[in-house]
Asks: 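I'd like to ask you about the structure that follows.
Computed over heavy atoms, backbone and side chain alike; hydrogens, waters and symmetry mates excluded.
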Amino acid sequence: MQIYKKINNIMKKVEFITKDGKLGFGNNTFSVVTHDKVLSVVRKHFVDEGVIIIPSQVEKGISIDGTTSKGSKKIRMEALYDVSFIDIEDGSNIIIRSEAHAEDSGDKAANKCLTYAVKNALLKVLMLQTGDDINKELKNTITDAQFK
């Protein structure tokens, strides 16, 4: 069962991911770490360690048609996924069950939902901190002398 060791090796190499995107609009805007940012930080380490990720939808997702408060079309997708982290050498694996929700005005809600499930599984398995600025985040957890 090498998968645990390999995940731990990846955890040693990646400790923090800075937020790189914004969601929402107006006063409801907040910072997020995007799926692409997570992949750009962790992918090389997964390749080096020989770990692949395979997501699968556990059951048929729920698609809810609706409208926004301004009357625009909105589709909400809700689904449950198993995200498998697999050691390519011995086949050992861990499976993270991830529930995800996503909204879109077109046909992208299902793909957004899958993307969100994988991103969250990666963040949780690797116990990654996400923040706007690593120095700001670290400064909040150590003294000024330690920070310098």
Side-chain angles (χ1 to χ4, degrees), residues 1-25 27-66 74-148:
M1 296 284 287
Q2 293 292 315
I3 190 65
Y4 299 112
K5 179 179 178 182
K6 291 183 175 192
I7 292 293
N8 188 58
N9 288 341
I10 296 168
M11 289 171 65
K12 291 176 185 176
K13 296 172 186 171
V14 182
E15 296 179 6
F16 191 95
I17 298 180
T18 55
K19 293 181 180 178
D20 64 322
K22 300 277 185 195
L23 280 182
F25 53 91
N27 292 332
N28 295 322
T29 302
F30 53 95
S31 297
V32 297
V33 63
T34 64
H35 179 263
D36 286 350
K37 177 68 177 263
V38 173
L39 289 185
S40 74
V41 172
V42 303
R43 184 182 185 281
K44 177 187 183 324
H45 304 298
F46 274 81
V47 171
D48 290 346
E49 288 293 330
V51 175
I52 61 171
I53 298 171
I54 299 178
S56 59
Q57 194 169 333
V58 174
E59 55 193 36
K60 182 169 174 36
I62 300 168
S63 178
I64 305 165
D65 293 334
K74 174 176 76 173
I75 299 169
R76 178 179 173 89
M77 175 74 176
E78 300 176 359
L80 191 61
Y81 300 90
D82 280 344
V83 182
S84 299
F85 294 75
I86 305 165
D87 180 346
I88 64 172
E89 293 175 25
D90 70 5
S92 61
N93 68 85
I94 57 173
I95 299 171
I96 304 303
R97 184 148 289 179
S98 183
E99 183 174 350
H101 310 266
E103 293 182 355
D104 192 70
S105 60
D107 62 351
K108 296 173 186 68
N111 286 336
K112 287 180 177 181
C113 201
L114 173 60
T115 297
Y116 189 72
V118 171
K119 177 183 86 168
N120 281 337
L122 280 164
L123 291 173
K124 299 311 176 197
V125 163
L126 298 175
M127 295 189 294
L128 288 172
Q129 295 181 49
T130 61
D132 295 316
D133 178 357
I134 189 167
N135 292 326
K136 179 180 169 185
E137 294 290 325
L138 291 176
K139 190 171 183 180
N140 289 334
T141 61
I142 60 177
T143 67
D144 287 336
Q146 288 172 320
F147 181 71
K148 290 176 184 173

Asks: For Asn93 and Ile3, work out which heavy atoms get closest and say how close.
Replies: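 For Asn93 and Ile3, the tightest heavy-atom pair comes out as N-CG2, 3.9 Å.
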
Asks: Is there side-chain contact between Val42 and Leu128, with at least one heavy-atom pair below 4.5 Å?
Replies: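 Side chain of Val42 against side chain of Leu128, heavy atoms only: contact under 4.5 Å found.
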
Asks: Please report the interatomic distance NZ(Lys119) to NZ(Lys37), rounded to the nearest 0.5 Å.
Replies: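 Nearest 0.5 Å value for the NZ-NZ distance: 12.0 Å.
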
Asks: Under the side chain to side chain contact (heavy atoms under 4.5 Å, CB included) rule, what do Val33 and Leu123 come out as? Steps first, then yes or no, please.
Replies: CA-CA 10 Å; Val33 63; Leu123 291 173; 4.1 Å; yes

Asks: Checking side chain to side chain contact (heavy atoms under 4.5 Å, CB included) for the pair Leu122/Val83: CA distance, chi angles, key distance, verdict?
Replies: CA-CA 9 Å; Leu122 280 164; Val83 182; over 6 Å; no

Asks: Should Asn120 and Glu99 be marked as a side chain to side chain contact (heavy atoms under 4.5 Å, CB included) after you check the CA-CA gap, both sets of side-chain angles, and the distance that decides it?
Replies: CA-CA 9 Å; Asn120 281 337; Glu99 183 174 350; over 6 Å; no

Asks: On a heavy-atom basis, which atom in Tyr81 and which in Ala110 lie closest, and how many Å separate them?
Replies: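 Taking every non-hydrogen atom into account, OH-O, 3.9 Å.
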
Asks: Restricting to non-hydrogen atoms, name the atom on Asp104 and the atom on Ala109 that form the minimum distance, rounded to 0.1 Å.
Replies: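 Closest pair (atom of Asp104, atom of Ala109, distance): CB-N, 3.6 Å.
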
Asks: Any chance NZ of Lys13 has more than 12 other-residue heavy atoms, nucleotides or ligands included, within less than 6.0 Å?
Replies: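 Yes, because the 6.0 Å sphere around NZ of Lys13 holds more than 12 heavy atoms from other groups.
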
Asks: Shortest non-hydrogen contact from Ile86 to Gly91?
Replies: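 In terms of heavy atoms, the two residues are closest at CG2-O, 4.1 Å.
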
Asks: How about Val41 and Phe16: do any of their side-chain heavy atoms sit closer than 4.5 Å?
Replies: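 No - every pair of side-chain heavy atoms lies 4.5 Å or more apart.
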
Asks: Mind checking the OG-CG spacing from Ser98 to Asp82? Nearest 0.5 Å is all I need.
Replies: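 Those atoms lie 9.5 Å apart.
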
Asks: Supply the atom-to-atom distance Lys12 NZ to Leu126 CG, rounded to the nearest 0.5 angstrom.
Replies: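 Answer rounded to 0.5 Å: 13.5 Å.
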
Asks: Would you compute the distance between atom CD1 of Ile53 and atom OG of Ser84 and round it to the nearest 0.5 angstrom?
Replies: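 With rounding to 0.5 Å, CD1 (Ile53) is 10.0 Å from OG (Ser84).
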
Asks: With a 4.5 Å limit on heavy-atom distance, are the side chains of Val14 and Phe46 in contact?
Replies: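 Val14 vs Phe46: side chains apart.
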
Asks: I'd like to know whether Asp36 forms a side-chain hydrogen bond (donor to acceptor under 3.5 Å, both in side chains) with Thr34, so could you lay out the CA-CA distance, the side-chain angles of the two residues, the decisive distance to 0.1 Å, and finally the verdict.
Replies: CA-CA 5 Å; Asp36 286 350; Thr34 64; 5.7 Å; no

Asks: Name the one of Lys6, Gln2, Lys5 that satisfies side chain to side chain donor-acceptor pair (under 3.5 Å) with Asp87?
Replies: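 Checked Lys6, Gln2, Lys5 against Asp87; only one passes side chain to side chain donor-acceptor pair (under 3.5 Å): Lys6.
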
Asks: Any heavy-atom pair between the side chains of Gln57 and Leu114 that's under 4.5 Å?
Replies: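 Answer no - side chains too far apart.
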
Asks: Would you indicate whether Glu78, at its atom CD, is surrounded by more than 12 heavy atoms from other residues, nucleotides or ligands within a distance under 6.0 Å?
Replies: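 Yes, CD of Glu78 has more than 12 neighbouring heavy atoms, counting only those of other groups under 6.0 Å.
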
Asks: Give, for atom CD1 of Ile10 and atom CD of Glu49, the distance between the pair rounded to the nearest 0.5 Å.
Replies: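 Reported value, rounded in 0.5 Å steps: 5.5 Å.
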
Asks: Are any of the side-chain heavy atoms of Asn111 and Met77 separated by less than 4.5 Å?
Replies: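 Result no, sub-4.5 Å side-chain heavy-atom pair not found.
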
Asks: Working to the nearest 0.5 Å, report the span between NZ of Lys108 and SG of Cys113.
Replies: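 Atom-to-atom, Lys108:NZ and Cys113:SG are 15.5 Å apart.
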
